[in-house]
Visitor: 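The structure under discussion is supplied below as structure tokens; questions concerning it will follow.
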Amino acid sequence: MSFTAQDSSYMARAIQLARKGWFTTRTNPRVGCVLVKDGQIIGAGWHEKPGFAHAEINALQQAGDATKGATAYVTLEPCAHYGKTGPCAEALVKAGVVRVVAAMLDPNPLVAGKGMQILADAGIKVEHGLMQSEAEKLNPGFIKRMTKGLPRVVAKVAVSLDGRTAMASGESQWITGAAARRDVQRLRAESGAIITGSGTVVIDNPSMNVREQAYTANPHFVQPLRVIIDSQNLVEPDANIFANEGACWLITGNVSTKDYPANVEQKQVALLPGKNGVSHHKVDLKVLLTILADAGINDVLIEAGSGLVGAFAEQGLIDELAVYMAPKLMGSAARPMMQLPFETMQQNIELSLSDVRQIGDDLRLTYHFKKV
């Protein structure tokens, strides 16, 4: 399809609008919409929060009675199903728009071309593919969940220059500086869930929540789900991770009789078998991610010790690795970044470096895993 420079300009604006919901859309995709008539933008909107009006509806409401004969530029195909709100495709038909340009089709099987079909059946000119790669970057987690049944997984690690994450005793506070720790707040804020392990909770007793006002001041912001893998029931009810606003899942092999706070939900997840079929107390991580995807979680952040991060990596379950490297040397006795019991070079896991930037005195290196 052939698009004009003006088409691209309007879609770029829709993408800018979609980014406004970066930290609040959570279980839904980030979507922006611009309505244009006679070369003028008459309405614009974005999806702010699950259960709230979609981007198209917000744009239509802003445009009012001027929508007849307009063109809609939307970053994602208008929905065709009834959820918490009605189908946006039908709302656009009713509004009298004559052309709809979508950056990409919706990977959700409930939509998947059906929205565009509703519009086309009503005589509306439909096109898609304009700035598609930019639109896909808005929702990598949603796309992965819809196409693979798993959330996008980012692992965050703080390491010394010699690749160490904690002293032999487990002491690790603080490897990186304050600026890097503030940047981690952003990673938390854009995640639907944060996964950690019982070792981190018992040793560090972290809160693992979002505290930066830049995110929490938004009235639509909701704390990410905190997920603690505790197959041996080591975490106590008074742990800091339970003491803050927001839901927590305690992933166990056997439900504990401990009196946890009301915001804690215990979930049993299958334990992987060890030798001779006997459990070795390790949760099936892919099953856990599938459960999170079924709960509508698009993006997961892992903040854990070297054992749990290594297990995710070894099983090929990490999409992106955010390494915060501090200008410190912690010594050969300190704990490694990941526990990966490899013995040959053939076992190595290849990564591709996608971004490097200095944050305070530290470096943030962003890698993507090369999937085999």
Side-chain angles (χ1 to χ4, degrees), residues 1-25 28-50 52-81 85-108 111-143 146 190 218 220 298:
M1 296 180 184
S2 178
F3 297 106
T4 67
Q6 200 63 54
D7 287 329
S8 297
S9 174
Y10 294 135
M11 186 61 77
R13 176 59 181 149
I15 289 172
Q16 283 181 329
L17 289 167
R19 290 196 183 104
K20 288 178 176 284
W22 195 268
F23 301 102
T24 57
T25 57
N28 287 354
R30 304 170 180 114
V31 182
C33 178
V34 169
L35 292 171
V36 177
K37 186 175 180 180
D38 299 327
Q40 299 292 322
I41 294 177
I42 60 171
W46 70 94
H47 182 49
E48 299 175 14
K49 182 180 180 179
F52 281 45
H54 288 188
E56 299 94 322
I57 304 304
N58 287 330
L60 289 170
Q61 289 176 346
Q62 188 180 99
D65 297 331
T67 56
K68 190 172 183 179
T71 293
Y73 295 87
V74 61
T75 58
L76 183 69
E77 174 186 1
C79 63
H81 63 289
T85 59
C88 292
E90 292 183 5
L92 291 168
V93 171
K94 186 176 179 181
V97 302
V98 295
R99 180 184 178 218
V100 173
V101 180
M104 61 177 288
L105 297 179
D106 194 331
N108 186 344
V111 185
K114 296 173 186 173
M116 299 300 264
Q117 191 62 52
I118 289 172
L119 297 167
D121 289 346
I124 295 172
K125 183 179 180 182
V126 295
E127 300 166 275
H128 70 272
L130 174 61
M131 300 183 72
Q132 179 169 326
S133 61
E134 289 88 343
E136 288 173 346
K137 291 173 185 175
L138 291 169
N139 296 296
F142 175 76
I143 293 169
M146 287 298 142
E190 64 187 16
N218 187 322
H220 299 320
N298 293 323

Visitor: Show the nearest heavy-atom pair for residues Gly32 and Ala18, with the distance to one decimal.
Guide: N-CB, 3.4 Å

Visitor: Looking only at heavy atoms, which two atoms of Leu60 and Ala95 are closest? And how far apart?
Guide: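 So the minimum-distance heavy-atom pair works out to CD2-CB, 3.5 Å.
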
Visitor: On a heavy-atom basis, which atom in Ala72 and which in Leu35 lie closest, and how many Å separate them?
Guide: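 In terms of heavy atoms, the two residues are closest at CB-CD2, 3.5 Å.
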
Visitor: Tell me which one of Val34, Val31, Leu130 satisfies side chain to side chain contact (heavy atoms under 4.5 Å, CB included) with Thr75.
Guide: Val31

Visitor: Less than 4.5 Å apart, side chain to side chain, heavy atoms only: is that true for Met116 and Leu119?
Guide: yes

Visitor: So, does Glu77 use its side chain to make a donor-acceptor pair with the main chain of Gly113 at under 3.5 Å?
Guide: yes

Visitor: Return the minimal non-hydrogen interatomic distance between Ala80 and Pro87, and the atom names on each side.
Guide: C-CB, 3.8 Å

Visitor: Find the distance between NE2 (His128) and CG (Asp106) and round it off to the nearest 0.5 Å.
Guide: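 The NE2 atom of His128 sits 12.0 Å away from the CG atom of Asp106.
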
Visitor: With a 3.5 Å cut-off and sequence neighbours excluded, list the donor-acceptor pairs that the side chains of residues 133-143 form with protein atoms.
Guide:
residue	atom	partner	partner atom	Å
Glu136	OE2	Gln132	NE2	3.0
Asn139	OD1	Arg30	N	2.6
Asn139	ND2	Arg30	O	2.9

Visitor: Minimum heavy-atom separation for Ala89 to Pro78, with atom names?
Guide: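 Where Ala89 meets Pro78 most closely, the heavy atoms are N-CB, 3.9 Å.
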
Visitor: Heavy atoms, side chains only, cut-off 4.5 Å: are Leu76 and His47 in contact?
Guide: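 The answer is no; the side chains never approach within 4.5 Å.
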
Visitor: As an exercise, state the distance from CG of Asp7 to CE of Met131, rounded to the nearest 0.5 Å.
Guide: 11.0 Å

Visitor: Counting C-beta onward and ignoring hydrogens, is there a side-chain heavy-atom pair between Met11 and Phe3 closer than 4.5 Å?
Guide: no

Visitor: Between CD1 of Ile118 and CG of Leu92, what distance do you get to the nearest 0.5 Å?
Guide: 10.5 Å

Visitor: At what distance, to the nearest 0.5 angstrom, does NZ of Lys37 lie from OG1 of Thr71?
Guide: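 Rounded to the nearest 0.5 Å, the NZ-OG1 separation comes to 10.5 Å.
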
Visitor: Between Tyr10 and Tyr73, what is the ring plane arrangement, given parallel below 30°, perpendicular above 60°, and tilted in between?
Guide: tilted

Visitor: Does the side chain to side chain donor-acceptor pair (under 3.5 Å) test come out yes or no for Asp121 and Gln117, once each step is laid out?
Guide: CA-CA 6 Å; Asp121 289 346; Gln117 191 62 52; 2.8 Å; yes

Visitor: Any idea which heavy atoms bring Arg13 and Ile41 closest together, and the distance?
Guide: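 In this case the closest contact between Arg13 and Ile41 is CG-CD1, 4.4 Å.
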
Visitor: Just by modelled atom types, is the His220 backbone N or O under 3.5 Å from a matching donor or acceptor in the Asn218 side chain?
Guide: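 Yes, Asn218 side chain to His220 backbone: donor-acceptor pair under 3.5 Å.
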
Visitor: Taking the side chain from Gln62 and the backbone from Ala44, do they hold a donor-acceptor pair closer than 3.5 Å?
Guide: yes

Visitor: Any chance you could measure Ile57, atom CD1, to Cys88, atom SG, to the nearest 0.5 Å?
Guide: 4.5 Å

Visitor: Just how far is it from atom OG1 of Thr24 to atom CD of Glu48, taken to the nearest 0.5 Å?
Guide: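 If I round to the nearest 0.5 Å, the distance is 7.0 Å.
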
